[in-house]
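Data block below; observations after.
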Amino acid sequence: MIIITRWLTVRVTMEPQFFIFFLLMFFTIYLVAYFVVFRSWSPKIRPEASSCLISIFHGTPAVVLATYALLSNKSRGFSSSNTPLENLVLDFSIAYFATDLLHYLVFFPGDVLFIAHHLATLFVFITCRWLVSHGAYALLSLLILAEVTSACQNAWTLACARSHDSEFAGKVYHILSPPFYAFYSVVRGVLGPMFVYEMCVFYMSGAADPVIPKWVWISWLIVVASAISVSILWVSNLWIQLFRERRGLFYKKVT
């Protein structure tokens, strides 16, 4: 891994070749998932399962790459210029969100919330990568917080999708739900807001204005704050549903 990342540090440039490669990679993984890996699954859940698979190939690798990229940048900060390796991670994530956005547009065009989320995320990453070329530290830190729960979330989503027709999937879903909800709640409900607060304080001080226009960082904060709020609302609803299910099971046992 160290050898690969060092090679990438040397070879990555501002050219779009890596973005095109990543886009084709995620698109290929999706097609393989849909037509090969999950071909025996119900047509209703095959698209969601295929989306989970490309998310698996993005989430944990994005956390590892983003962490390495940030640690490699000795002058990292909220307004520091993007390094080639940071731009590589942005290209990697832009390609993933573009592929997953296409998935929603084709199979779930009515899912306005997720489509809006992906469009907003792409706007933030693209402006950081191609418009201002500064601020990757802030966005990659948030990417780490967003994707560190990805592996657990995808396992939970796949188990949930098959819980109605697979006893094993149902058991995995019920066992995994409480720890996943707790992990997600801490990351999105505590660590995320703390980091966004630091971002807000720094950008509102005007220290980044010479390199990141005010309208850019304001839009970043709006998108990030909205995404975190929706995440908190989502996991809160899951907690409520879980308590209702467990309470119902308790009453059944008592009676």
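Nothing here was measured: the structure is a model prediction, and the numbers come from that model.
- Without hydrogens or angle criteria, T127 side chain to V124 main chain gives a donor-acceptor distance under 3.5 Å.
- In this structure, S166 contributes its side chain and S163 its backbone to no donor-acceptor pair below 3.5 Å.
- The aromatic rings of Y181 and W156 sit perpendicular, their planes meeting at an angle over 60°, well past the 30° parallel limit.
- Between the side chain of H58 and the main chain of I54, no donor-acceptor pair closer than 3.5 Å is present.
- Between the side chain of Q153 and the backbone N or O of S150 there is no donor-acceptor pair closer than 3.5 Å.
- In this structure, the side chains of W220 and V132 come closer than 4.5 Å at one or more pairs of heavy atoms.
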Could you walk me through whether W234 and Y184 satisfy the ring-ring contact (aromatic ring centres under 6.0 Å, His included) test, starting with their C-alpha distance in whole Å, then the side-chain angles of each, then the deciding distance to 0.1 Å, before giving a yes or no?
CA-CA 10 Å; W234 180 73; Y184 192 94; 5.2 Å; yes
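- In this pair, F92 and F26 present their aromatic rings tilted. The plane angle is within the 30 to 60° band.
- The backbone N or O of L70 sits less than 3.5 Å from a side-chain atom of R76, completing a donor-acceptor pair.
- Between V89 and A69, the closest heavy-atom pair is CG2-CB, 4.2 Å.
- The distance between the ring centers of F78 and F195 falls below 6.0 angstrom.
- The shortest heavy-atom contact between R129 and N82 is CA-ND2, 4.2 Å.
- The cationic group of R46 does not satisfy the cation-pi geometry with F38, failing either the under 6.0 Å distance to the six-membered ring centre or the 45° limit from the ring axis.
- Using a 4.5 Å heavy-atom threshold, the side chains of L88 and F22 count as touching.
- Just one residue in the list L191, L140, V196, I228 forms a side chain to side chain contact (heavy atoms under 4.5 Å, CB included) with L145, and that residue is L191.
- A donor-acceptor contact shorter than 3.5 Å is absent between the side chain of S93 and the backbone of L90.
- Using the six-membered ring where Trp is involved, W217 and Y203 have ring planes that are parallel, under 30° apart on the 30 and 60° scheme.
- Between F108 and Y104, the angle of the ring planes lies from 30° to 60°, which puts this pair in the tilted group.
- Looking at R162 and W41, their side chains come closer than 4.5 Å, going by heavy atoms from C-beta outward.
- Note that the CG atom of D209 and the CE atom of M204 stand 11.0 Å from one another [nearest 0.5 Å].
- Relative ring orientation between H103 and F107 is described as tilted, the plane-to-plane angle lying within the 30° to 60° band.
- Taking 4.5 Å as the limit, every side-chain heavy atom of S55 sits out of range of all side-chain heavy atoms of D100.
- Atom CG of N154 is separated from atom OG of S51 by 7.5 Å, given to the nearest 0.5 angstrom.
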